[in-house]
Amino acid sequence: MNNVLLVVDMQNDFIDGSLGTKEAVNIVSNVVKKIKEFEGKIIYTRDTHGENYLSTQEGRYLPVTHCIEGTSGWEIHNDIQALISPENTIYNKVTFGSKDLVMELVEMDNKEPIDEIELIGLCTDICVISNAFTIKAFLPEVKIFVDAKCCAGVTKESHENALNAMKVCQIQVKE
């Protein structure tokens with residue numbers, strides 16, 4: 001089978017840094033286990049901002065400096081970083097979804113049809129859902145899954161809302 005695991009923004013600032021939550025801390029071991037057991041291609045994303053973050057549209061709506069390129073908060077959590085190998089791709093993305101990631105997935109699917117894409121990571125209600133919907137738009141016949149035990153949102157309620165929204169759009173949620 002041709003399967004892809006997308007590990008979204010498992011960065012220090014989202015786990016225990018400026019935008020961290022206890023729910024994010026609590027999923028790290030689940031994410032590590034999922035990566036270790038996954039058979040297929042693994043792709044990572046990394047939220048990436050510059051020093052001018054607060055003057056961007058996102059920064060005006062979310063005025064919390066985070067994931068500034070080159071800082072410790074921008075780095076992928078050490079337990080997950082240790083699992084990244086040279087054949088894995090990491091996409092630095094300046095917004096919630098990644099156009100470059102989606103284009104790679106479309107190209108991969110054209111070469112050999114992708115059976116399944118599974119998304120895990122942070123934040124369920126912002127970047128996970130954005131990437132899931134973008135992938136679904138470009139690869140409508142590929143089965144897309146989100147593992148709820150490997151995701152956390154800004155709040156518990158927004159995490160659940162995002163999972164429910166994805167279900168409605170035919171993205172399968174593993175509980």
Side-chain angles (χ1 to χ4, degrees), residues 1-16 19-47 58 61-62 66-67 76-77 79-80 83-84 88-91 93 95-109 112-175:
M1 295 200 45
N2 188 17
N3 296 331
V4 176
L5 179 65
L6 178 56
V7 182
V8 178
D9 298 355
M10 287 300 296
Q11 295 163 267
N12 294 324
D13 271 346
F14 291 128
I15 297 169
D16 56 9
L19 290 173
T21 64
K22 71 177 182 149
E23 291 82 15
V25 171
N26 291 338
I27 70 161
V28 171
S29 61
N30 295 344
V31 170
V32 167
K33 184 176 190 287
K34 175 74 74 171
I35 293 168
K36 286 180 176 179
E37 295 175 356
F38 189 77
E39 294 182 20
K41 182 172 180 63
I42 302 174
I43 300 172
Y44 297 82
T45 67
R46 187 167 43 200
D47 197 41
E58 180 183 332
Y61 284 101
L62 178 62
H66 66 281
C67 298
I76 293 173
H77 187 279
D79 294 350
I80 296 160
L83 301 173
I84 299 175
N88 298 136
T89 305
I90 302 174
Y91 284 97
K93 55 185 193 53
T95 189
F96 306 134
S98 172
K99 176 184 75 169
D100 294 334
L101 163 68
V102 172
M103 293 300 101
E104 178 184 346
L105 292 171
V106 167
E107 188 176 309
M108 284 174 58
D109 188 61
E112 179 185 348
I114 298 172
D115 296 300
E116 298 177 359
I117 299 171
E118 184 169 353
L119 290 87
I120 61 175
L122 302 168
C123 294
T124 318
D125 44 346
I126 302 174
C127 293
V128 173
I129 195 172
S130 294
N131 282 286
F133 284 163
T134 304
I135 293 166
K136 188 70 174 171
F138 284 89
L139 296 169
E141 295 303 316
V142 174
K143 292 178 188 168
I144 301 174
F145 296 87
V146 172
D147 188 336
K149 291 183 180 89
C150 292
C151 293
V154 174
T155 67
K156 288 180 187 180
E157 182 181 63
S158 63
H159 167 77
E160 289 299 324
N161 288 342
L163 294 174
N164 289 329
M166 287 186 275
K167 287 177 190 175
V168 171
C169 292
Q170 302 170 2
I171 294 164
Q172 306 302 306
V173 176
K174 296 179 179 180
E175 301 289 343

key: Lys149 side chain to Glu175 backbone, donor-acceptor under 3.5 Å   = yes

ask   = Sub-3.5 Å donor-acceptor pair from the side chain of Thr124 to the main-chain atoms of Ala162, do we have one?
value = no

Search all heavy atoms of [X] against all heavy atoms of [Y] and return the closest pair with its distance.
X      : Y      : value
Val28  : Met10  : CG2-CE, 4.1 Å
Asp47  : Thr95  : OD1-O, 4.3 Å
Asn30  : Cys150 : O-SG, 3.6 Å
Met166 : Ala132 : SD-CB, 3.8 Å
Ser130 : Gly97  : CB-N, 4.1 Å
Ile129 : Ile126 : CG2-O, 3.4 Å

task = Examine the side chains of His77 and Asn12 and answer whether a donor and an acceptor come within less than 3.5 Å of each other.
result = no

Can you check whether [X] reaches [Y] side chain to side chain, under 4.5 Å on heavy atoms?
X      : Y      : result
His159 : Leu163 : yes
Asp109 : Leu105 : no
Val146 : Ile120 : no
Ile114 : Val142 : yes
Cys67  : Arg46  : no
Glu39  : Asn3   : no
Leu139 : Ile117 : yes

request  = Under the side chain to side chain donor-acceptor pair (under 3.5 Å) rule, collect the residues that match up with Glu23, sequence neighbours excluded.
outcome  = none

Can you tell me how far [atom2] of [Y] sits from [atom1] of [X], rounded to the nearest 0.5 angstrom?
X      : Y      : atom1 : atom2 : result
Ile43  : Asn131 : CD1   : CG    : 10.5 Å
Ile144 : Cys169 : CD1   : SG    : 10.5 Å
Ile171 : Glu118 : CD1   : CD    : 12.5 Å
His66  : Gln11  : NE2   : CD    : 8.0 Å
Phe14  : Cys123 : CZ    : SG    : 5.5 Å

message = Go through it in stages, so that I can follow the logic: the residues are Asp9 and Lys93, the test is salt bridge (Lys or Arg N to Asp or Glu O under 4.0 Å), and I'd like the CA-CA distance, side-chain angles, deciding distance and then a yes or no.
response = CA-CA 9 Å; Asp9 298 355; Lys93 55 185 193 53; 2.8 Å; yes

[X] with [Y]: basic N within carboxylate O range, under 4.0 Å:
X      : Y     : result
Asp147 : Lys34 : yes
Glu104 : Lys99 : no
Asp16  : Lys22 : no

Matching residue for [X] among [options] - test: side chain to side chain contact (heavy atoms under 4.5 Å, CB included):
X      : options               : result
Val154 : Asp125, Thr21, Leu122 : Asp125
Leu5   : Phe145, Phe38, Tyr44  : Phe38
Ile42  : Leu6, Val4, Val7      : Val7

task = Tell me, with the steps shown, if Glu160 and Lys156 meet salt bridge (Lys or Arg N to Asp or Glu O under 4.0 Å).
result = CA-CA 6 Å; Glu160 289 299 324; Lys156 288 180 187 180; over 6 Å; no

inquiry  = side-chain contact (heavy atoms from CB on, under 4.5 Å), that's the test. Do Met108 and Lys41 meet it? Break it down for me.
reply    = CA-CA 10 Å; Met108 284 174 58; Lys41 182 172 180 63; 3.5 Å; yes

request  = Report the C-alpha distance between Leu83 and Lys36 in whole Å, list the side-chain angles of each, state the deciding distance to 0.1 Å, and finish with yes or no for side-chain contact (heavy atoms from CB on, under 4.5 Å).
outcome  = CA-CA 8 Å; Leu83 301 173; Lys36 286 180 176 179; 3.9 Å; yes

query = Which residue pairs pass the salt bridge (Lys or Arg N to Asp or Glu O under 4.0 Å) test with at least one member in residues 130-145, sequence neighbours excluded?
reply = none

query = Around atom CD of Glu157, are there more than 12 heavy atoms of other residues, nucleotides or ligands at under 6.0 Å?
reply = no

